Amino acid sequence: MAKKNIFVMAMDDFHQAMLENLRGSDEMAFHSLLDMETAVNTTGYDMAELLDRARQTLKDFPGTVDAIVGYWDFPTLSLLPVLRREWDLPGPSLEAALRCEHKYWARVEEARVAPRQTPRFASVNPFDENVLDQPPLPYPFWIKPVRAHSSQLGFHVDNQRDFEHAIKRTRDRIHIFAKPFNHILEMAQLPEDIAPVDGWHCIAEEIVSAGRQCTLEGYVLNGEMKIYGVVDSLREGAVGSSFSRYQYPSDLEASVQDIMFEDCRRFIERTGFDNSPFNIEFFYNEDEGSIWMLEVNPRCSKSHSPLFEMVEGSSNLQAMVDVALGRKPAFPPERGKYRYAAKIMLREHQDGVVERVPDANEIRAIENDIPGCHIQVEAEQGNRLSDMLHQDSYSFEYAVLFVGGDSGEEIDKKADQIKERLDFRFSH
């Protein structure tokens, strides 16, 4: 039987290993579509060129193109529906994907199906000469582009001075996302109330981040939604906006999860989103009993993939691939090696020069000595932290730990052992 040819946007070695470990992978052939330097490790996204390069690769392929998938954020998420449409492959329509991707449009749809779970919000044109005369919402609020990723150009605004700083920084750098995103918006049919709020705009949102944050992961196949996991998200930093850990499975009470499931179902039905994995972030304020929908991502979370693999025995990439092939996912399978797993982000909150990073031999020795851990070093020796790509506005992520254990305490113990042996040095 001929293998199914699956094209993976900017496939890297780490995720390729998980793809090749999926159930049924012996009947699949994975091919990279575009490369990391072009589609991920850059701030110059020429969407027309990216689409043309991807099209040429697919046209030149001698076999069948059976699926096109991706686990990266922007610009991958914007490219996928365009390419799938042209190759007549399963996946959400461009408009359905944009109802999730476009942060302002997503809030508009959210408010229609879950008004009590939707914070106050407003569109902001950072280039309006009168933008600083009146804040779009009462202080404090959060402001970010309608399309970015990794919390870039996201600012916590407490007062007029913060607002002026956010607008200045946004004006300087929003072009990184605005130009390529607008190229995609021009291919879509947009409602009259959404079309004027293009990629050069921001969204201001009421701050609802008190309490716990979690993410629902699931998929939609032929109109049927399935939630297969809930992941807790822990935060740190001066304004509590930098992720410090993702942990699976969530220990959030089932009754709260059920409310989130129903909000998620109504939103998915409203948007017409279909034939794709997705994840939706929520906040739960235990003191008030309030639940707030935060953000919708029309993809599986690559950050969660190793966590599912450790706990469930296979990564969420199984759902991504199976849905793209139009079949019910064989996920989650049997249990994995551990009851719990976490992604732990190591951050510096002050800029500086990276004086030293652990070498490959040091990393390998730690991974060999401590079962159930994988270490990714992101900082490069000699570079400034602020020169690293895709960082949020308040911290610098210099390394990531994936750790499995049979309890949260065991994960904490392993993480402490790893940190003690990781010899990073910075000069500030």
Side-chain angles (χ1 to χ4, degrees), residues 73 77 92-93 95-122 137 141-142 144 146-147 151 191 193-194 203-235 243 246-301 303-304 308 316 319 323 329 332:
D73 201 301
L77 285 183
S93 69
E95 289 75 16
L98 287 172
R99 287 187 190 100
C100 303
E101 274 197 86
H102 190 303
K103 292 181 176 17
Y104 179 78
W105 195 358
R107 285 298 192 204
V108 169
E109 300 296 345
E110 231 176 89
R112 289 168 176 157
V113 297
R116 288 182 297 176
Q117 283 75 39
T118 305
R120 287 178 295 171
F121 65 96
L137 295 173
F141 59 86
W142 189 259
K144 54 191 174 184
V146 298
R147 189 64 179 104
S151 299
D193 60 332
I194 299 299
I203 181 172
E205 298 179 330
E206 174 187 5
I207 292 177
V208 294
S209 53
R212 299 182 54 179
Q213 184 173 351
C214 70
T215 302
L216 274 60
E217 280 242 14
Y219 64 84
V220 191
L221 179 64
N222 298 326
E224 183 176 342
M225 188 190 84
K226 166 75 173 177
I227 301 294
Y228 54 70
V230 181
V231 180
D232 285 331
S233 303
L234 284 68
R235 294 163 288 129
F243 288 114
Y246 302 139
Q247 187 156 306
Y248 179 72
S250 169
D251 61 3
L252 197 62
E253 55 195 83
S255 60
V256 174
Q257 292 187 28
D258 288 343
I259 295 171
M260 294 177 178
F261 290 175
E262 188 54 37
D263 291 341
C264 178
R265 186 182 308 281
R266 293 203 304 272
F267 180 83
I268 291 295
E269 290 176 354
R270 169 77 193 181
T271 59
F273 187 79
D274 200 2
N275 294 318
S276 173
F278 66 88
N279 67 82
I280 299 186
E281 301 167 36
F282 285 87
F283 279 116
Y284 170 54
N285 188 318
E286 297 171 279
D287 295 333
E288 299 177 357
S290 58
I291 296 173
W292 301 96
M293 194 181 292
L294 175 61
E295 192 166 282
V296 184
N297 300 298
R299 60 178 171 86
C300 67
S301 169
S303 291
H304 298 164
F308 284 109
N316 53 358
V323 169

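Hydrogens, waters and symmetry mates are skipped; everything else that's a heavy atom, side chains included, is used. Just so it is clear, the model here is predicted, and its values are computed rather than measured.
Contact check on E269 versus R266 returns no salt bridge, with no Lys/Arg side-chain nitrogen under 4.0 Å from an Asp/Glu carboxylate oxygen. Ion pairing between a basic and an acidic side chain is recognised when a charged N comes within 4.0 Å of a carboxylate O; E205 and K144 show such pairing. Between D193 and R112 there is a salt bridge, since at least one side-chain N of the basic residue sits less than 4.0 Å from a carboxylate O of the acidic one. Salt bridge status for D251 with R212: present, with a side-chain N to carboxylate O gap under 4.0 Å.
A 4.5 Å side-chain heavy-atom check between I259 and E262 finds every atom pair outside the cut-off. Within the 4.5 Å cutoff, no side-chain heavy atoms of F121 are placed close to those of E110. Looking only at side-chain heavy atoms (C-beta outward), I280 and E295 stay at 4.5 Å or farther from each other. A heavy-atom distance below 4.5 Å is found between the side chains of V323 and P329. Residues F243 and L234 are not in side-chain contact: their nearest non-hydrogen atoms beyond the backbone lie 4.5 Å or more apart.
Ring orientation note: the planes of Y248 and F308 are tilted relative to one another, at an angle of 30° to 60°.
Taking all atoms of both residues into account, the shortest heavy-atom contact from S209 to R235 is O-NH2, 3.0 Å. Annotation for G223 and D274: closest pair N-OD1, 2.8 Å, computed over non-hydrogen atoms. Here the closest non-hydrogen pair linking Y246 and S303 is CE1-CB, 3.6 Å. Nearest heavy atom pair, residue C100 against residue A106, reads O-CB, 3.8 Å. Across all their heavy atoms, P298 and F273 have their closest contact at CB-CE1, 3.4 Å. Shown here for C264 and F282, the closest heavy-atom pair between the two residues is N-CZ, 4.5 Å.
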- [ ] Go through the steps to decide whether T118 and R107 satisfy the test side chain to side chain contact (heavy atoms under 4.5 Å, CB included), and finish with yes or no.
- [x] CA-CA 7 Å; T118 305; R107 285 298 192 204; 4.2 Å; yes
Run the side chain to side chain contact (heavy atoms under 4.5 Å, CB included) check on F267 and M225 step by step: do they pass? CA-CA 11 Å; F267 180 83; M225 188 190 84; over 6 Å; no
message: Using the rule given for side chain to side chain contact (heavy atoms under 4.5 Å, CB included), can you reason through T215 versus S233, listing the C-alpha separation, both sets of side-chain angles and the distance that settles it, and then say yes or no?
response: CA-CA 7 Å; T215 302; S233 303; 3.8 Å; yes
Would you please test H304 and E217 for side chain to side chain contact (heavy atoms under 4.5 Å, CB included) and show each step? CA-CA 9 Å; H304 298 164; E217 280 242 14; 2.8 Å; yes
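Put simply, CD1 on I203 and CG on L137 are 9.0 Å apart, with the number rounded to the nearest 0.5 Å. Rounding to the nearest 0.5 Å places CD1 of I268 at 11.5 Å from CD of E109. Between the CD1 atom in I227 and the CZ atom in R265 there is a gap of 7.5 Å [rounded to 0.5 Å]. The structure places OG of S255 at 10.0 Å from CE of M260, a figure rounded to the nearest 0.5 Å. A distance of 12.5 Å separates CD1 of I207 from CH2 of W292, quoted to the nearest 0.5 Å. If you take CD on E101 and CG on L77, they are separated by 5.0 Å, rounding to the nearest 0.5 Å.
Looking at E281 and N297, their side chains do bring a donor and an acceptor atom within 3.5 Å of each other. Checked by atom type, the side-chain pair Q213/D232 shows no donor-acceptor distance below 3.5 Å.
Each of N279, N316, D73 was checked for a side-chain hydrogen bond (donor to acceptor under 3.5 Å, both in side chains) with R299, and the lone residue meeting it is D73.
N275 places a side-chain N or O within donor-acceptor distance of the main-chain N or O of N222, the cut-off being under 3.5 Å.
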